[in-house]
Amino acid sequence: MDKRLIGKRVVRNEDPRLLTGQAQYVDDVNLPNMAHAAMFRSEYAHARIRSIDVSKARAHSGVIAVYTAEDMGADCYPGPPLVSPPPTVKDVIFNSRRQVPLVKDKIRHAGEIIAVVIAETRYIAEDALDLIEIEYEPLPVVADIEKALEPNSPLVHDDLDSNLAAHLVQKKGDYESARASADVIIQRRFTIERGTAAAMENRGIVAQWDAKSEALTVWDTTQAPIPIRNGLAARLGLSESKVRVIAPFIGGGFGPKIMMFYSEEMLVPWLAIKLNRPVKWIEDRRENFYATTQERGQVHEVEMAFTRDGKILGIKDDFIHDTGAYDPYGLTTPLNTQSHVMGGYDIPNFTSEFRVAFTNKTIVTPMRGAGRPHGIYVIERMMDIAAKELGIDRVEIRRRNLIKPDAFPYEHGIIDQAFAPLIFDSGNYEAVLNETLKAVGYEKFIKEEQPRYRAEGRRVGIGVLPFIETTGVGPYEGARVTVEASGKIAVATGVGTQGQGHFTSFAQVVAEQLGVDVTDVRITTGDSAHFNWGTGTFASRGAVVAGNAMHAAATMVRKKILKLASKVLNAPEEELELEDGMVRVADIPQSSISLSDLAALANPLRGAVEPGTEPGLEATAYYGPQYGPTAFGVHAMIAEIDPETMMIKILRYVVTEDCGTILNPLILEGQIHGGVALGLGNAYYEKLHFDENAQLLNASFMDYLLVGSTEMPRIEVHHLETRSPLNELGTKGVGEAGAIPVPALFAQTMEDALYDYNLEIRETPLNPNRLFEIARKEKTA
Amino acid sequence: MKLSGEYVFDGPREEVWKLVRDPEVLMKCMPGTQTVNKISDSEFTGEVTVRIGPFAGVFAGRVIISDEVPPQSCTLTIEGTGKIGFLQGVGAIEMTELEGQKTLMKYSGEAQIGGKVASVGQRLFDTVSKSMMKQGLDTLNGFLKSNAA
Amino acid sequence: MEATTQKIELSVTVNGTRYERAIEPRMLLSDFLRHEIELTGTHVGCEHGVCGACSVLMDGEPVRSCLMFAVQTQGREIVTVEGLGTVDALSPVQQAFHEAHGLQCGFCTPGILTTVTAFLETNPNPSEEEVREAISGNLCRCTGYQHIVDAVLLAAKKKQAS
């Protein structure tokens with residue numbers, strides 16, 4: 001019998017509860033005597049508060065309290081810096097400015113919280129918001145990232161000389177001499193605009209204070225419950241052991257839910273203690289558009305040096321990154337962009353300089369893709385432009401530059417988002433490309449199908465491009481595996497879960513080691529009372545970092561089981577096998593013991609546990625990579641466009657993914673489908689429209705268009721598995737992969753479909769209207 | 001957000017000007033106007049109920065008239081705040097005499113909006129503001145004609 | 001504001017159980033279900049009727065519970081996700097979603113399950129295109145819809161076989 005569980009299409013353990021409405025999300029927490037908070041937010045993006053009067057709101061029937069920054073006093077100070085600037089890079093500038101629970105004097109983006117109302121019901125709390133009287137002094141607004149860095153710009157932070165939040169240069173080789181020896185130099189400018197993650201569940205926090213035991217319990221829609229626990233304890237002057245943070249089922253994360261210490265996260269637990277009552281705050285969708293972090297805004301000025309036969313000699317990329325009003329998340333996103341601007345190519349010379357700008361917009365923190373789509377957009381657009389200028393087929397020019405299988409580990413000589421050296425651990429890039437070309441029928445399409453379409457007057461284009469994804473970064477995660485007296489396995493880890501199937505893929509890893517059913521492994525994630533070491537779910541790292549910690553802990557428990565069973569069954573460990581929840585002596589099936597009985601023996605009520613051994617069949621292990629593994633993939637798309645309406649129909653969408661060892665192909669495919677859907681949104685539907693005063697003009701799902709079931713094509717997913725040598729399981733992350741190459745691929749496909757328009761797309765996201773404008777301009781140019 | 005247009009009144013320019021400068025008349029013309037108070041010859045405050053899509057609310061506002069060249073042109077600075085957002089705008093009005101006792105009014109302005117009006121209502125704001133403008137000017141023209149009659 | 005605090009007697013059947021409550025007329029059906037009678041399986045994603053997460057069945061028809069006042073359900077029969085099946089006895093639609101991995105974070109799922117349950121009653125043998133059309137009023141941010149579509153097609157097959 002095949003005992004392997006890793007790699008099987010196992011259906012999910014967590015489904016039954018989710019499918020029947022029994023899974024608990026934060027807003028499902030209803031506590032006795034619970035009060036409800038509503039936030040009074042700024043309508044201006046940049047303004048001084050002249051005066052605020054909350055007396056009428058306070059007097060309103062059913063209102064428990066109203067707090068402003070002044071009422072909060074000394075407790076109203078900024079959140080902690082989450083990620084420091086890289087210590088290893090010379091001359092880095094980083095001006096750390098963080099959000100506060102309540103704004104006292106100056107508003108820096110629309111949606112900042114000025115006051116909070118706590119009432120008996122949310123309805124009453126919102127009624128009372130209307131009774132707050134405020135007078136603003138509007139200030140000139142910093143809305144554009146390039147203008148933000150001009151010398152005469154208004155300042156987001158008055159104590160700084162400019163809106164420069166950070167500046168960093170990374171170099172590899174010598175770009176200038178590469179340029180001097182190049183046959184062709186290509187320069188372009190690319191603009192990438194903001195979108196929002198739009199998890200279906202908005203954020204929310206419930207906090208409960210038990211004054212008698214001085215214990216705080218917080219339910220939080222966070223991807224990082226342990227750091228929230230630690231930070232709250234420090235902030236509120238409590239022992240970490242007295243603060244329990246639970247991230248229950250989370251309705252989608254996609255990055256913004258790891259922005260540790262949102263204003264509300266500092267505020268709601270403080271209120272619960274202050275009022276000695278449970279307090280609930282649930283974000284509404286309009287708040288989510290303003291107050292939940294966003295991502296994607298960058299402007300790139302790029303130059304690439306090529307030989308005549310299409311070999312890349314070097315890249316020089318200068319870009320500005322929009323961080324919004326504050327920069328709590330450090331440089332993660334622009335560093336990721338830097339790591340991805342070289343794509344999966346062998347590039348000897350590289351200079352990248354970025355400046356991060358403060359603007360009067362919502363804070364920017366990583367969102368699924370997290371700077372990577374920007375890098376891939378830039379390099380892959382440049383490759384398309386180079387292919388055209390050099391007269392080389394776009395697949396061929398890529399093939400010539402992909403990193404060769406024998407070049408791994410491939411060291412870039414710069415640092416990544418985790419400040420570790422950017423090293424691509426392993427891969428077989430050209431094989432993934434070939435697999436995709438075969439699957440999509442590239443040759444046949446180009447030679448036979450496309451000419452036929454064109455003869456019929458139909459504009460059908462094909463796009464193919466590769467991408468990398470750096471994944472699974474440190475610092476570490478941990479797991480504890482316990483064989484319980486019931487014979488079931490209890491597992492706890494610190495990472496939160498937002499739909500990635502952790503209850504199943506982690507269970508597969510553990511079950512395979514311990515010879516039990518996947519359904520007999522019960523995973524607890526994101527509850528600091530169960531496991532209180534860890535960082536969080538981000539950077540496509542769950543399966544890699546927590547997964548390998550699981551594996552390590554399960555391996556240790558397996559050893560304990562074998563050691564004890566060997567004694568009990570009087571047989572050498574090598575002859576024992578774990579199967580069906582039993583330990584058996586191979587070939588003597590009647591000589592066996594159940595894990596349940598063994599667990600009882602390991603934790604006896606009488607007798608003595610031998611010196612040098614621990615009670616129970618339990619182990620805790622940690623995994624921390626030196627640097628993260630890098631996954632690779634190729635996406636291909638065939639799409640038809642109507643040049644009159646610019647409406648598109650995607651006829652084929654093929655993905656080949658190499659993320660190392662696959663834990664569960666069913667879950668993996670789901671991750672890719674969802675990623676592609678977000679990527680398509682980023683390419684053609686989703687854009688946050690800010691006006692010149694940084695007012696968001698499409699803060700609802702009526703105007704901000706998420707991709708729906710009728711826009712999505714069927715996605716064909718193929719796999720190659722190049723095991724990562726960096727970890728025991730051989731896994732690489734894949735959570736963000738689906739989203740990364742889509743905007744670049746979409747642009748390439750549209751240029752190919754609209755072949756007679758001589759298009760060159762240099763911006764994302766597009767939409768039908770915008771594409772029509774560009775096409776018309778280029779055609780008449 | 002830009003707003004511009006023109007309107008032809010069925011009356012002489014002097015008459016139109018008189019009406020435009022009369023707060024009592026303006027209050028009747030502007031749809032949803034609850035009150036108008038004259039602070040000075042060139043400054044008025046008031047309250048207007050506005051409905052934009054799913055939102056309705058009272059805006060407390062102030063209008064300041066400047067650069068006045070009677071009966072030809074002036075600049076209007078408008079400020080309004082309410083529970084559903086805020087509006088600030090500067091607009092220019094220019095009137096020219098046409099043949100047959102008619103007057104052409106050209107207006108152009110730029111408004112900044114914020115709050116719910118902007119984030120959820122902007123798609124409708126353009127249409128709503130245009131229709132309010134049209135309604136107001138039609139009413140004004142009605143006064144003009146009945147005064148003349 | 002005074003008028004809104006005047007409570008109204010509501011009698012409504014939810015998942016076969018009759019509930020009688022005095023509630024404010026402005027209370028949304030979604031809030032009534034989630035917080036008044038504590039059936040928290042119905043989720044609220046946008047509060048403006050676009051995302052479909054809050055869909056429940058009223059007399060067998062899908063409705064957006066965030067766009068209705070609870071008092072509008074006087075004397076009606078509501079079915080929420082909790083009324084479709086249980087952890088130990090999933091409905092054919094729920095079972096199909098489990099087998100086809102038709103959910104990830106699970107937040108939009110209750111609204112999709114109720115919508116699909118009603119859809120398969122009227123169209124027991126749908127094409128893929130019809131399925132995509134049927135769920136086009138439900139937003140999902142995790143799955144890219146493919147496994148949801150697969151699940152609905154599988155559910156149709158299961159229901160026909162049974």
Side-chain angles (χ1 to χ4, degrees), chain A residues 9 11-12 14-25 27-28 30 60-62 122-123 127 197-202 249-254 282 284-286 497-501 666-667 669-678 680 700-702 706-710 712 714-715 738, chain C residues 1 4-5 24 26-27 31 34-35 38-48 50-51 53 80-82 84-88 90-91 94-95 97-101 103-110 113 128-129 131-149:
Chain A
R9 293 180 84 85
V11 295
R12 302 198 316 171
E14 54 265 60
D15 286 352
R17 276 200 291 158
L18 291 164
L19 284 163
T20 52
Q22 303 303 314
Q24 189 182 52
Y25 297 81
D27 192 21
D28 303 344
N30 285 323
H60 188 66
S61 165
R122 174 67 177 249
Y123 287 68
D127 289 343
M200 295 318 299
E201 177 199 38
N202 292 311
F249 279 100
I250 305 291
F254 313 118
I282 301 296
D284 70 26
R285 183 54 64 180
R286 204 172 75 88
T497 194
Q498 307 92 41
Q500 298 91 336
L666 189 64
I667 290 173
E669 284 159 23
Q671 285 289 314
I672 290 171
H673 297 164
V676 171
L678 175 68
L680 267 181
S700 82
F701 285 158
M702 293 179 287
L706 301 192
V707 172
S709 55
T710 47
M712 274 307 287
R714 192 158 268 281
I715 297 164
Chain C
M1 236 160 268
T4 56
T5 54
E24 283 188 36
R26 64 171 170 171
M27 177 177 271
D31 285 337
R34 292 181 44 74
H35 303 309
E38 302 210 17
L39 292 174
T40 54
T42 299
H43 297 152
V44 178
C46 75
E47 316 103 25
H48 55 272
V50 180
C51 80
T80 69
V81 67
E82 289 97 335
L84 299 181
T86 63
V87 166
D88 300 319
L90 297 176
S91 76
Q94 288 167 324
Q95 182 63 32
F97 271 69
H98 179 45
E99 289 172 23
H101 188 29
L103 68 157
Q104 288 183 30
C105 80
F107 197 80
C108 71
T109 310
L113 292 174
E128 172 164 348
E129 211 179 326
V131 170
R132 286 188 182 269
E133 195 61 45
I135 58 167
S136 64
N138 291 76
L139 294 175
C140 167
R141 200 55 159 166
C142 295
T143 64
Y145 305 98
Q146 185 157 322
H147 283 160
I148 296 178
V149 172

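Protein chains get the first letters and strands the later ones, always in sequence-line order, with residue 1 at the start of each. Keep in mind the model is a prediction, meaning the values are calculated, not measured.
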S.K.: Are C:Thr40 and A:Asn30 packed together at the side-chain level, in the sense that at least one heavy-atom pair is separated by less than 4.5 angstrom?
M.R.: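 Yes, side chains in contact.
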S.K.: Less than 4.5 Å to any heavy atom of chain A: does that hold for the side chain of C:Val81, its backbone, both, or neither?
M.R.: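 The answer is both parts of C:Val81.
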S.K.: Under a 4.5 Å heavy-atom cutoff, which of A:Gln498, A:Arg12, A:Met712, A:Glu201 has the most pairs with chain C?
M.R.: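 Winner by heavy-atom pair count: A:Arg12.
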S.K.: Examine whether an atom of A:Ile250 lies under 4.5 Å from a heavy atom of chain C, and if so say whether it belongs to the side chain, the backbone or both; otherwise answer neither.
M.R.: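 Contact with chain C is through the backbone of A:Ile250 alone.
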S.K.: Are C:Leu103 and A:Asp15 side-chain neighbours, meaning at least one heavy-atom pair lies under 4.5 Å?
M.R.: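 A side-chain contact under 4.5 Å exists here.
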S.K.: Within a reach of under 6.0 Å around CD of C:Glu99, are more than 12 heavy atoms found that belong to other residues, nucleotides or ligands?
M.R.: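 Atom CD in C:Glu99 is crowded, with more than 12 foreign heavy atoms closer than 6.0 Å.
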S.K.: Below 4.5 Å, heavy atoms only, C-beta onward: do C:Thr109 and A:Leu19 meet side chain to side chain?
M.R.: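 Sidechains of A:Leu19 and C:Thr109: in contact.
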S.K.: Quick check for you: to the nearest 0.5 Å, what is the distance between C:Tyr145 atom OH and A:Thr710 atom OG1?
M.R.: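 Answer rounded to 0.5 Å: 8.5 Å.
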S.K.: Going by the angle between their ring planes, with limits at 30° and 60°, are C:His147 and A:His673 parallel, tilted or perpendicular?
M.R.: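 Answer is perpendicular, since the angle exceeds 60°.
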S.K.: Give, as side chain, backbone, both or neither, the part of A:Phe701 having an atom under 4.5 angstrom from any heavy atom of chain C.
M.R.: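 Both backbone and side chain.
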S.K.: Do the non-hydrogen side-chain atoms of C:Thr143 and A:Glu669 ever get within less than 4.5 Å of each other?
M.R.: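 Side chain of C:Thr143 against side chain of A:Glu669, heavy atoms only: no contact under 4.5 Å found.
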S.K.: To the nearest 0.5 Å, tell me how far A:Ser709 OG sits from C:Leu139 CG.
M.R.: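 Spacing of OG (A:Ser709) from CG (C:Leu139) equals 9.0 Å.
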S.K.: Using a cut-off of under 4.5 Å on heavy-atom pairs, state which of C:His48, C:Glu82, C:Glu38 scores highest against chain A.
M.R.: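 When all of C:His48, C:Glu82, C:Glu38 are compared, C:His48 has the most.
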S.K.: Are C:Arg34 and A:Asp28 ion-paired here, with the side-chain N under 4.0 Å from a carboxylate O?
M.R.: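 Looking at C:Arg34 and A:Asp28, the cut-off is met.
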S.K.: Most heavy-atom pairs under 4.5 angstrom with chain C, which of A:Ser700, A:Ala199, A:Ala677?
M.R.: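 Option with the greatest count: A:Ser700.
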S.K.: What part of C:Glu128 lies closer than 4.5 angstrom to a heavy atom of chain A: side chain, backbone, both or neither?
M.R.: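 Side chain only.
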S.K.: Rounded to the nearest 0.5 Å, what separates atom CD in A:Glu14 from atom NE2 in C:His98?
M.R.: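 Those atoms lie 9.5 Å apart.
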S.K.: Is A:Ile667 in contact with chain C via its backbone, its side chain, both, or neither, using a 4.5 Å heavy-atom distance?
M.R.: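 Backbone plus side chain of A:Ile667, per the 4.5 Å heavy-atom cut-off to chain C.
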S.K.: Are any non-hydrogen side-chain atoms of C:His101 and A:Val11 less than 4.5 angstrom apart?
M.R.: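 A side-chain contact is absent here, since even the closest heavy-atom pair is not under 4.5 Å.
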S.K.: Heavy-atom distances under 4.5 Å only: say whether C:Phe107 touches chain A with side chain, backbone, both or neither.
M.R.: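 When you check distances to chain A, atoms from both the backbone and side chain of C:Phe107 fall under 4.5 Å.
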S.K.: Output, in order, the C-alpha distance, side-chain angles, deciding distance and verdict of side chain to side chain contact (heavy atoms under 4.5 Å, CB included) for A:Met200 and C:Cys140.
M.R.: CA-CA 7 Å; A:Met200 295 318 299; C:Cys140 167; 5.7 Å; no
S.K.: Based on non-hydrogen pairs under 4.5 Å, which of C:Cys142, C:Cys51, C:Gly41 is most in contact with chain A?
M.R.: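 Looking at each option in turn, the highest pair count goes to C:Cys142.
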S.K.: Is C:Leu90 close to chain A through its backbone or its side chain, or both, or neither, when contacts mean heavy atoms under 4.5 Å?
M.R.: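 For C:Leu90, the side chain is the part near chain A, not the backbone.
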S.K.: With rounding to the nearest 0.5 Å, note down the distance linking CG in A:Leu706 to CZ in C:Arg141.
M.R.: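 The CG atom of A:Leu706 sits 4.5 Å away from the CZ atom of C:Arg141.
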S.K.: Taking side-chain contact (heavy atoms from CB on, under 4.5 Å) as the test, write out the residues that go with A:Arg17, two or more places apart.
M.R.: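 A:Gln22, A:Ala23, A:Phe249, C:Val87.
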S.K.: Which of the residues A:Gly675, A:Gly738, A:Ala198 is involved in the greatest number of heavy-atom pairs with chain C at under 4.5 angstrom?
M.R.: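 Of A:Gly675, A:Gly738, A:Ala198, A:Ala198 has the most heavy-atom pairs under 4.5 Å with chain C.
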S.K.: Check this for me, if you would: do C:Glu47 and A:Arg286 make a salt bridge, where the nitrogen-to-carboxylate-oxygen distance has to be below 4.0 angstrom?
M.R.: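 Judged by the 4.0 Å cut-off on N to carboxylate O distance, C:Glu47 and A:Arg286 do not form a salt bridge.
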S.K.: With a 4.5 angstrom heavy-atom cut-off, could you sort out which part of A:Asn202 is near chain C: side chain, backbone, both or neither?
M.R.: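 A:Asn202 touches chain C through side-chain heavy atoms alone.
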S.K.: Hey, does C:His35 have a side-chain heavy atom less than 4.5 Å from the side chain of A:Asp27?
M.R.: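 In contact.
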S.K.: Can you check whether A:Ile715's main-chain N or O pairs, donor with acceptor, with C:Gln146's side chain at less than 3.5 Å?
M.R.: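 Yes, because the side chain of C:Gln146 sits within donor-acceptor range (under 3.5 Å) of the backbone of A:Ile715.
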